[in-house]
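Everything numeric here is computed off the predicted structure, so don't read it as measured data. Just follow the structure's listing: the first ligand is 1, and inside any ligand the first atom is 1. Position 1 is the first residue of the sequence; numbering continues from there.
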Amino acid sequence: MSIDLQIAGRQFASVNPATGGTLGEFECATEPEVHEAVARAREAQSFWNDIGVRNRTAILRKFQRDLHQKKSEIAELITQESGKPCVEALLTEVLVALDAARFCIENAFCFLRDEQVPHGNVAMKTKAGRILREPCGVIGIISPWNYPFSIPATESLAALVTGNAVVLKPSELTPMVALALASLLHKAGVPEAAFQVVVGDGSTGAALVNSAIDKLVFTGSVPTGKIIAQAAAARLLPVVLELGGKDPMLVLSGANVDVASSGGVWGAFVNAGQACLSVERCYVHRSLYQAFLEACVAKTERLRVGNGMDSETEVGPLIRERQLRNLELQVEDALSRGARVLTGGHRLPQRGPNFYAPTILADVTPEMLIMRQETFGPVLPVMPFDSEDEAIQLANDSEYGLAASVWTRDRARGEAVARRIQAGTVMINDAVSCFGISEAPHGGFKASGQGRTHGRYGLDEMVRIKYLDSDRLPGRKKVWWYGYGETFAKQMEGFLDLQFATGLRRRLMGGLRSAGALMGKRKI
Ligand code: NAD
């Protein structure tokens, strides 16, 4: 049986990628259904906003407690639907969502408080300015299958705590995890209409983009991101785009090979390489190249590949056949151009339908597909470099710019290299784990997207900034209102001199020239 998504008309099935077994059957939400969901969300949003941030954080706290209680149950569901080892589901999905809730609970009140804006311009000193942060309204969220819980959860929690309603369209490959998230949020007290899930494929996603949502947060591939950006531009819909990556790993001369090889193997094979932040290309200083490759091969061959429900499993299956075919094309291309497979490089049909052996490729070159296109599978392609400038140039030679990692014993040197890398995040001596730092903004440069999720910048995306200006002298006409003329023009020249002329004397003279205007009454 093919375990690709089964769509018959509007029906589709959620399939366990490790076994090929069907977990549940669903129907794609139609365009009118999506529009109705958005209309219901809009009605619910004002109530949800009006209950205030303290009540909303109390609901998030309950969500956090319930999720913590059900952590193993949720992790198992994630493993069944997405294939990753259960411990990864616990750490990279449940823990990330628990911590995102913690961040929202701790920070939402201060974030949403009115912010005073002191005025530097002398003419505006009589005004009290404040920045208000208002919810956008209804946020549409479209999410992928590779982190089916933590991605929609972190984005939804940020949207909800700031007073928005959410309509979530999860990946058609992982609808059950999204429905479990909805159930937890509803049980905690989020009104059902304020958080809704519409299941379905790309056409359901397209219906959401074209509905009356106020903002869209999309996480997925670059090709889909481009389609969405075009549709959004046509109606000036604001969008956050969290797209693919081709993250480089730079192992500098003198790096600890044992640490770097363990980090590289984990960074490349975590979630079977299906992480947007996966190590996808590895550049190693020539002095360490051989030792690094040998260490990576030895460590890769010790990895246990299997069904994620088995607690011994370290690498699970890929999500579907299409993913394997894409990976095989890239490996074949690399081999045909001179790369060498040091370990792996083949399927593992005896484990199940979608298993691929974790693979180390040596002697890759920059023009190979495996160094240019997102692989999204358990392959670590490695090539040597001679100088730091060359390594940085290789790292930046990519259409993507999501994240990167630099491996060195010298943190200052690592940070200096990091500053020259074109990526939204650069980690020194670790990879991927930045996604678990709730305070850290997540998002990419170049084709990896625009906007940010997570942290303060993630909250910023969920609000509209309103500037409130309140004049402290309501009975006084403003100097700049009508009543122009030559005298007034001279007075205003003086006023500009008062503030910007060089030299104290010229400023004082300007002040004297402008005093008349400040004291006098407007004629109109
Ligand atoms: P995808 O682009 O195929 O699908 C993502 C979502 O978009 C799914 O829910 C899908 O149904 C929906 N969709 C598809 N066509 C659509 C359309 N025309 N209009 C609206 N919605 C549509 O991506 P995927 O295969 O689910 O996920 C893997 C990709 O996501 C990888 O490229 C990965 O790097 C990226 N990703 C990025 C991040 C990040 O934070 N930057 C995180 C995880 C995954």
Check the angle between the aromatic planes of Y147 and F435 and answer parallel, tilted or perpendicular using the 30° and 60° thresholds. tilted
For H442 and H454, take the angle between the two ring planes, folded into 0 to 90°, and tell me which bin it lands in: parallel under 30, tilted 30 to 60, perpendicular over 60. tilted
Counting heavy atoms under 4.0 Å, the part of S143 that contacts ligand 1 is backbone
Can you name the atoms of ligand 1, numbered from 1 with element, that are less than 4.0 Å from a heavy atom of [X]?
{"X": "L402", "answer": "41 (N)"}
{"X": "P170", "answer": "9 (O)"}
{"X": "N146", "answer": "43 (C), 44 (C)"}
{"X": "E242", "answer": "37 (C), 38 (C), 39 (C), 40 (O), 41 (N)"}

Ring centroids only, cut at 6.0 angstrom: are F385 and Y283 within range, meaning strictly under it? no
Under 3.5 Å: donor-acceptor pair, side chain of Q45, backbone of G163: yes
For [atom], the protein heavy atom that lies nearest, with its residue and separation:
{"atom": "atom 28 (C) of ligand 1", "answer": "F376 CE2, 3.8 Å"}
{"atom": "atom 16 (C) of ligand 1", "answer": "T224 CG2, 3.3 Å"}
{"atom": "atom 34 (O) of ligand 1", "answer": "E374 OE2, 2.5 Å"}

Option nearest atom 10 (C) of ligand 1 (shortest heavy-atom distance, choices Q323, R320, E172): E172
